[in-house]
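Let me begin by presenting the structure, written as structure tokens, before commenting on it.
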There are 2 protein chains.
Amino acid sequence: MLSKKTQYAFHALVHLAENVDKGPILISEIAQEKNISIKFLENILLELKNAGILGSKKGKGGGYYLMRPPKEIALAKIIRLLDGPIALLPCVSLNYYERCENCRDEAVCGLNEVMGKVRDSALKILENKTLKDILTRNS
Amino acid sequence: MLSKKTQYAFHALVHLAENVDKGPILISEIAQEKNISIKFLENILLELKNAGILGSKKGKGGGYYLMRPPKEIALAKIIRLLDGPIALLPCVSLNYYERCENCRDEAVCGLNEVMGKVRDSALKILENKTLKDILTRNS
DNA sequence: TTATTAGTCTATCTTTTTTATAGGTTTTAT
DNA sequence: ATAAAACCTATAAAAAAGATAGACTAATAA
């Protein structure tokens, strides 16, 4: 399961994407709208900013905004940033690989093979679906 | 990522599957073979037994054994038992569903829709692949 | 029938991760 | 100047993960 942090991030990003034309959006507005602790959300948005996904403006009239159009922000990127590996096992992770401590040879490990396929099937979706694809439907 | 518990369970089950013809297998043998803490493994095997996946025999000549042939034990079952939900979000979990606290209506939530697809693609593999499919390749 | 073997059960403990909060600092618009 | 709002760092509380301990029970063999 994705952590609350990542879940909150997605909801916040959706709100920002749905209001791209309104200039910087307040943390407090997002927090209220999406029912998220404001202080926790603050940390999350900051992390997204430091990763170059969000921009911000301080002072009156400030807030957060997307640095790129929603269709250019892949879901996989957000997950990896806040949650780490998408794969179910360290030994099949593309970005956070770790050697398996429990098997002799990954090259012939059937678990490794199957979990690699699960990873691929998840990535096929998560690398291609973007913020744009998770905006509210039918609206 | 799967917990160590689930990872250990898979490796242990593979060992049991690869030795089905040798009668009950000792916890200690599995622990040594797969490099797992024996006491931790003890708890895991017990849980698998209580779930009806393994059987056991006490005393000399005792040990653990599979209750069904490897090809009848789906990977999804093991994951759900020891790790819980396979889905990335509570609101798309089939077995551990929880209402989303951060969106107004799941029926029109795009995140819900995409994560549902990720779940389906993972389940398509994990429900159909069994212990038999994760035995050591080329042997 | 006793000693040994091996799983059973329950509790606890340690460490890590997750989730959340607190409070001061800096920047910007008016 | 003042107020608004993000920035930053630290810490704390809670939960989960990972691991260990030890007494108990059942089966087997001598």
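If you're wondering where the values come from, they're calculated on a predicted model, not measured in any experiment. Naming: A, B, ... by sequence-line order, numbering from 1 per chain.
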Open item on the list: Any side-chain to backbone donor/acceptor pair from E127(A) onto A76(A)? Under 3.5 Å, distance only.
Closed with: no
- [ ] Please answer whether the main-chain N or O of V108(B) pairs with a side-chain N or O of N112(B) as donor and acceptor at a distance below 3.5 Å.
- [x] no
Task: Minimum heavy-atom distance K22(A)-I25(A), with the two atoms named - done: CB-CD1, 4.3 Å
Task: Residue whose closest nucleotide on DNA chain C lies nearer the 5' end, K57(A) versus K57(B) - done: K57(B)
Roughly how many Å is it from [atom1] in [X] to [atom2] in [N], rounded to a whole number?
{"X": "L26(A)", "N": "dA6(D)", "atom1": "CG", "atom2": "P", "answer": "5 Å"}
{"X": "Y65(A)", "N": "dA6(D)", "atom1": "OH", "atom2": "C1'", "answer": "11 Å"}
{"X": "I30(A)", "N": "dA6(D)", "atom1": "CD1", "atom2": "P", "answer": "8 Å"}
{"X": "M1(A)", "N": "dA17(D)", "atom1": "CE", "atom2": "P", "answer": "11 Å"}
{"X": "E47(B)", "N": "dA19(D)", "atom1": "CD", "atom2": "P", "answer": "15 Å"}
{"X": "I44(B)", "N": "dG7(C)", "atom1": "CD1", "atom2": "P", "answer": "14 Å"}
{"X": "E29(B)", "N": "dT5(C)", "atom1": "CD", "atom2": "P", "answer": "17 Å"}
{"X": "K58(B)", "N": "dG7(C)", "atom1": "NZ", "atom2": "P", "answer": "10 Å"}

TODO: Identify whether the distance between the nearest side-chain nitrogen and carboxylate oxygen of K129(B) and E113(A) falls below 4.0 Å.
DONE: no
Open item on the list: Check R104(A) with E33(B), please: is the shortest side-chain N to carboxylate O separation under 4.0 Å?
Closed with: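 Counted as a salt bridge, because a side-chain N and a carboxylate O are separated by less than 4.0 Å.
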Task: 5' priority, DNA chain D, between I27(A) and G59(B) [closest heavy atom] - done: I27(A)
Open item on the list: If you assign each of G61(B) and L45(A) to its closest nucleotide in DNA chain D, which residue comes earlier from the 5' end?
Closed with: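 Per heavy-atom nearest nucleotide, the more 5' residue is L45(A).
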Task: Residue-phosphate contact under 4.0 Å: S37(B) side-chain N/O, dG18(D) OP1/OP2 - done: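 No, because none of the side-chain N or O atoms of S37(B) sits under 4.0 Å from OP1 or OP2 of dG18(D).
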- [ ] Pick out which of I134(B), I125(B), L126(B) makes a side-chain contact (heavy atoms from CB on, under 4.5 Å) with M115(A).
- [x]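 Considering I134(B), I125(B), L126(B), a side-chain contact (heavy atoms from CB on, under 4.5 Å) with M115(A) is found only for L126(B).
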TODO: Between protein and nucleotides 9-19 of chain C, map the contacts as a letter string: B base, S sugar-phosphate only, - none, heavy atoms under 4.0 Å, written 5' to 3'.
DONE: BB--------S
Open item on the list: Let me check something: do L81(B) and Y8(B) share a hydrophobic cluster, defined by ILVMFWY side-chain heavy atoms less than 4.5 Å apart, either directly or through other members?
Closed with: yes
